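Notes follow the structure.
Heavy-atom basis, side chains included; hydrogens, waters and symmetry copies ignored. First the proteins, then the strands, lettered A, B, ... as listed; each starts at 1. Since the model is a prediction, treat every value here as computed from it, not as a measurement.
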Amino acid sequence: MRISELDLPAPVKEFYERSGIKELYPPQAEAVKKGFLEGRSLLAAIPTASGKTLLAEMAMLKSISHGGKALYIVPLKALASEKFERFRQFETLGVRTGISTGDYDSRDEWLGDRDIIVATSEKADSLLRNGAPWLSSLTIVVADEVHLIDSANRGPTLEVTLARLRRLNPSLQIIALSATIGNAKELAGWMGAELVVSDWRPTTLKEGVFFGRAINFQDEKRVISTPGPDEVLALVSDTLAEGGQCIVFTNTRKSSEGIAQKVAKSLSKKLTEEEKAAFQDIKQQVLRHAETDTCARLAACVEHGAAFHHAGLKNEHRRIVEDEFRRNRIKVIACTPTLAAGLNLPARRVIIKDYRRYDVNYGSVPIPVLEYKQMAGRAGRPGLDPYGEAVLIAKTHDEMGELMDNYVLSEPEHITSKLGTEPALRSHVLSAIATDLCRDESDLYDFMDTTFYAYQRGDLSAVIKNVLDFLEAERMVVRSGDRLNASELGRLVSRLYVDPLSASIIVRALEAAKKRGEPYQKEIALLQLICATPDVRPLYLRRSDYGWVVKYTEDHIDDFLTEVPGAGDETDFEAFLATVKTAALVDMWINERNEEEITSFYSIGPGDVRSLMESCVWLMHATAEISGLLRAPVTTEARELAVRIEHGISRELMDLIELEGVGRVRARKLYDAGFRDRETLKKADEAAVAAVLGEKVAAKVLAQLGRKDVAATTGPDDTIGQSTLLLFHE
DNA sequence: CCTTCAGTATTTTAGACAGCATGTC
DNA sequence: CTAAAATACTGAAGG
């Protein structure tokens, strides 16, 4: 089927033809036949890279051409930016795109007149809670990676959001894009959508199991050209010898780094001069954000054309690795499942080194077929590789057979809704009440009856009753007769997007603070409080941490606002210690200990510090808001702490940090040089400031203070303007 | 008395969303 | 109901 035959506005067809797309892929053609261009909902359960995005695009553009408005829901912030960049190309068609994630946001009024809005599922949920007016004018919603409904953490948000959007506009067109799953039909049934299921791929994918010296595919065998004792190394060398790139999936960060190092070592022997130069360039890029151990190790690897990739890395480093791999400069990435889903990063050969993964409840368990298929699907760059290969590794002959049966020849699992638990329902029930979506209990049941959970599993009312009891006991929901109302606290909690359980922990602590009277000055207490909420994942408490954490706890025993468990309950006490350990890290951060010191002391990656601080800022903000409502004596303190955690600074730098382009490092330099606040800086000698910050930055900073004598040079010379944490390192 | 090495006990273990205000990625 | 690899520790043999 040709683009030109489609029922799309002429400019849209021209747009695609100009970019070289003339013919539809078979699954796309099937979708057209099922009528998605006539406004029918569609579930496309097809492999990555087989043109799912194009389907969504055409449906959105069609809908927009009739005056419609589209929401594109993604699971990852990084994916949101990727799609946003892509859809901005539609500007030539007069179609305007906006983005809304926790990181950035086109302002509300702006979103209102955008034609396409890209958002994460949580942000979409949050927009619903805050009653964004434009939501009711949506005509089409795209749910990318919709199989994530299966996820216990984030799946419920996605399905509730979809259910709410449908209630808002019953004729809403839904385009759901999914990996191949076992029960696509069931999911489509819930959404009232047509179904397209296909295994078709633009590049052929060969899946096999490596054993001995050969990869055993379903109906052929490939003997490795470069055998060796290390299976992974042998497979990698074999790919490289053919001129392909490789991704190795592992189950721990350590193992990903180990493999990257091994590969780097073996590569280092046979580099061309040209490659050496390129790798030096990448190394310099990496070192620009340097300091920590992790960073040094990464630099040592990329120097030889290999890299590792996991959540302990800073986003900047991840991006460098991804980009350089795409440019075919980095040859091999060893990674944890960070790269399994989402971003488009194909390679000739994908090696799945570990098919088991540790799980807190069950020990090491085999990964689901669905996940295997997602990793395998990364193999083969369309148009560049003749084919893609996905390889599992077996140690015994028996294991080879098992892997063949259980993964290569297996169908992906069914996905199931995880909405049926109290933690999942707490926040959604509160939100439904707070936004007046549901006015009484039966209303609530009716609404929840439209979720995938209800469609698949049935009745939710028992759990909902428990959740309502909790919300009433915590005074977030008030009953008057049949009518359910959210209290002021309830509305605030729903808007702040924190777990009601977190809020109740905070409320309890703030009441304790109130009893003590006086403005409450102990910062460690507030830090420990937010670390004790389920919205912050505490650090792992090692045996070797026990000593100092207990000591630290004893030193602050009178300060804590949450209840210290008695020595009776071992598990509770350990959990408490973990929150203290985490709070101690945040304390180090806001007392300006350097990143290196923190990461090595806690043996975590810089990326972990960043993500922990992000959630702490968010919860500290929530604490300040709740404190304000409750008139608890910590509002100012919490506000201040939120700023300090965001930037990693002590109190005395709070004035300087307001300056654009000044982060924790520069603020400290200025302060120590005697420029203690913006007022002082205003009167300062330009040369003296330049001596501290360097000329360019100094000029930029002084220009903000209304110093007309300084010529503000504009240019992308540094990171000025971004609001990200941990940026201003030198 | 110190070093070395093998056998054994212990430790550790993936990922990533959200507020708000500001300015346009 | 369920694991496995890396690391730390221990003790005996050897220098």
Side-chain angles (χ1 to χ4, degrees), chain A residues 73-82 84-85 88 96-108 110-111 114 118-127 129-130 148 151-158 249-256 258 309-313 315 318 335-342 354 356-367 371 395 427 492-499 502 535-537 540-545 603 605 607-608 610-612 614-626 639 642-643 646 658 660 716 720-724:
Chain A
I73 300 176
V74 292
L76 260 34
K77 286 189 285 191
L79 217 47
S81 326
E82 193 182 278
F84 177 60
E85 288 307 323
R88 273 182 357 145
R96 290 180 302 173
T97 306
I99 184 170
S100 182
T101 71
D103 280 355
Y104 27 68
D105 209 349
S106 315
R107 212 184 309 172
D108 253 13
W110 278 72
L111 290 179
R114 304 275 105 164
V118 183
T120 54
S121 33
E122 284 76 11
K123 190 64 184 193
D125 184 21
S126 170
L127 289 165
R129 292 178 185 211
N130 292 295
L148 247 81
S151 142
N153 302 326
R154 306 185 50 206
T157 305
L158 179 53
F249 284 100
T250 65
N251 67 35
T252 65
R253 294 177 183 185
K254 207 169 243 167
S255 140
S256 74
H309 188 290
H310 57 62
L313 290 184
N315 289 178
R318 293 200 216 181
C335 63
T336 55
T338 14
L339 288 183
D354 306 297
R356 292 170 171 283
R357 185 162 53 233
Y358 172 80
D359 178 297
V360 264
N361 301 313
Y362 303 114
S364 120
V365 289
I367 59 170
E371 217 170 299
K395 291 188 185 59
S427 107
L492 179 64
V493 170
S494 168
R495 191 163 52 79
L496 290 171
Y497 211 77
V498 293
D499 184 338
S502 296
D535 279 314
V536 172
R537 195 182 55 183
Y540 181 81
L541 185 75
R542 290 198 195 81
R543 199 50 88 201
S544 52
D545 293 323
S603 49
D608 299 310
R610 153 88 125 290
S611 74
L612 178 64
E614 270 174 11
S615 32
C616 286
V617 170
W618 167 51
L619 268 139
M620 195 54 87
H621 167 78
T623 305
E625 295 286 307
I626 295 174
R639 282 219 179 97
V643 174
E646 182 175 359
E658 297 293 321
E660 233 179 274
I720 282 175
Q722 300 208 19
S723 64
T724 5

Taking all heavy atoms of [X] and all of [Y], pick out the closest pair and write down the distance.
{"X": "A:Arg357", "Y": "A:Pro337", "value": "NH1-CG, 3.3 Å"}
{"X": "A:Leu148", "Y": "A:Pro75", "value": "CD2-CB, 3.7 Å"}
{"X": "A:Arg495", "Y": "A:Asn130", "value": "CG-OD1, 2.8 Å"}
{"X": "A:Arg253", "Y": "A:Gly605", "value": "NH1-N, 4.4 Å"}

Would you tell me if any nitrogen or oxygen in the side chain of [X] comes within less than 4.0 Å of OP1 or OP2 on [N]?
{"X": "A:Arg318", "N": "B:dA16", "result": "yes"}
{"X": "A:Arg253", "N": "B:dG15", "result": "yes"}
{"X": "A:Thr252", "N": "B:dT12", "result": "no"}
{"X": "A:Ser615", "N": "B:dA16", "result": "no"}
{"X": "A:Thr336", "N": "B:dG15", "result": "yes"}

Query raised in the report: Do A:Arg318 and A:Thr338 pass the side chain to side chain contact (heavy atoms under 4.5 Å, CB included) test, and can you show the C-alpha distance, the side-chain angles, and the key distance before you say yes or no?
Result: CA-CA 10 Å; A:Arg318 293 200 216 181; A:Thr338 14; 3.6 Å; yes
Query raised in the report: If you round to the nearest 0.5 Å, how far is CG of A:Asn315 from CZ of A:Arg610?
Result: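 A:Arg610 CZ to A:Asn315 CG: 4.5 Å, rounded to 0.5 Å.
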Which whole-number value in Å describes the distance from [X] [atom1] to [N] [atom2]?
{"X": "A:Leu127", "N": "B:dA18", "atom1": "CG", "atom2": "P", "answer": "10 Å"}
{"X": "A:Asp103", "N": "B:dC17", "atom1": "CG", "atom2": "C1'", "answer": "10 Å"}
{"X": "A:Asp608", "N": "B:dA16", "atom1": "CG", "atom2": "P", "answer": "10 Å"}
{"X": "A:Phe84", "N": "B:dT24", "atom1": "CZ", "atom2": "P", "answer": "13 Å"}
{"X": "A:Tyr104", "N": "B:dC17", "atom1": "OH", "atom2": "P", "answer": "12 Å"}
{"X": "A:Glu625", "N": "B:dG19", "atom1": "CD", "atom2": "P", "answer": "12 Å"}
{"X": "A:Asn153", "N": "B:dA14", "atom1": "CG", "atom2": "C1'", "answer": "12 Å"}
{"X": "A:His310", "N": "B:dT12", "atom1": "NE2", "atom2": "P", "answer": "17 Å"}

By the 4.0 Å heavy-atom rule, please label [X] as base, sugar-phosphate, or nothing.
{"X": "A:Leu619", "value": "nothing"}
{"X": "A:Thr338", "value": "sugar-phosphate"}
{"X": "A:Asp359", "value": "nothing"}
{"X": "A:Tyr358", "value": "base"}
{"X": "A:Arg543", "value": "sugar-phosphate"}
{"X": "A:Ala311", "value": "sugar-phosphate"}

Report task. For A:Thr97 and A:Phe84, run side chain to side chain contact (heavy atoms under 4.5 Å, CB included): C-alpha distance rounded to whole Å, both residues' side-chain angles, the deciding distance at 0.1 Å, then the answer. Result -> CA-CA 7 Å; A:Thr97 306; A:Phe84 177 60; 3.6 Å; yes
**Report entry** Most 5' of A:Tyr497 and A:His309 on DNA chain B, judged by nearest nucleotide
**Finding:**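 It is A:His309 whose nearest nucleotide is closer to the 5' end.
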Report task. Return the 5'-most residue of the pair A:Pro337, A:Gly102 with respect to DNA chain B, ranking by each residue's nearest nucleotide. Result ->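 Result of the comparison: A:Pro337.
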Looking only at atom [atom1], what distance separates [N] and [M], rounded to whole Å?
{"N": "B:dC17", "M": "C:dC1", "atom1": "C1'", "answer": "33 Å"}
{"N": "B:dG15", "M": "C:dT2", "atom1": "P", "answer": "26 Å"}
{"N": "B:dA14", "M": "C:dA6", "atom1": "P", "answer": "13 Å"}
{"N": "B:dA21", "M": "B:dC25", "atom1": "C1'", "answer": "16 Å"}

Query raised in the report: For DNA chain B, what are the stems built from at least three Watson-Crick or G-U pairs in a row, each pair having both distances below 3.5 Å?
Result: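 Stems found: B:1-13 with C:3-15.
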Query raised in the report: Taking C-beta and beyond as the side chain, do A:Trp618 and A:Val536 meet within less than 4.5 Å on heavy atoms?
Result: no
Report summary line: In B/S/- notation (B base, S sugar-phosphate only, - none; protein heavy atoms under 4.0 Å), nucleotides 4-10 of chain C written 5' to 3' is -------
Query raised in the report: Is A:Tyr362 stacked on the base of C:dT2 when the test is centres under 5.5 angstrom and planes under 30 degrees?
Result: no
**Report entry** Derivation of the side chain to side chain contact (heavy atoms under 4.5 Å, CB included) call for A:Leu496 and A:Ile626
**Finding:** CA-CA 9 Å; A:Leu496 290 171; A:Ile626 295 174; 4.2 Å; yes
Out of [options], which has the shortest distance to the side chain of [X]?
{"X": "A:Arg542", "options": "B:dT13, B:dG19, B:dC25", "value": "B:dT13"}
{"X": "A:Arg154", "options": "B:dC17, B:dC25, B:dT13", "value": "B:dC17"}
{"X": "A:Arg357", "options": "B:dC17, B:dA14, B:dC25", "value": "B:dA14"}

Query - B:dA16 base / A:Arg537 side chain donor-acceptor hit below 3.5 Å - result: yes
Requested in this report: Before giving the answer on side chain to side chain contact (heavy atoms under 4.5 Å, CB included), spell out for A:Ser427 and A:Arg129 the whole-Å C-alpha distance, their side-chain angles and the decisive distance to 0.1 Å.
Outcome: CA-CA 11 Å; A:Ser427 107; A:Arg129 292 178 185 211; 3.1 Å; yes
Query raised in the report: Do the side-chain N and O atoms of A:Thr120 and A:Arg154 include a donor-acceptor pair separated by under 3.5 angstrom?
Result: no
Query raised in the report: Side chains of A:Thr157 and A:Asp125: do they bring a donor and an acceptor to under 3.5 Å?
Result: no
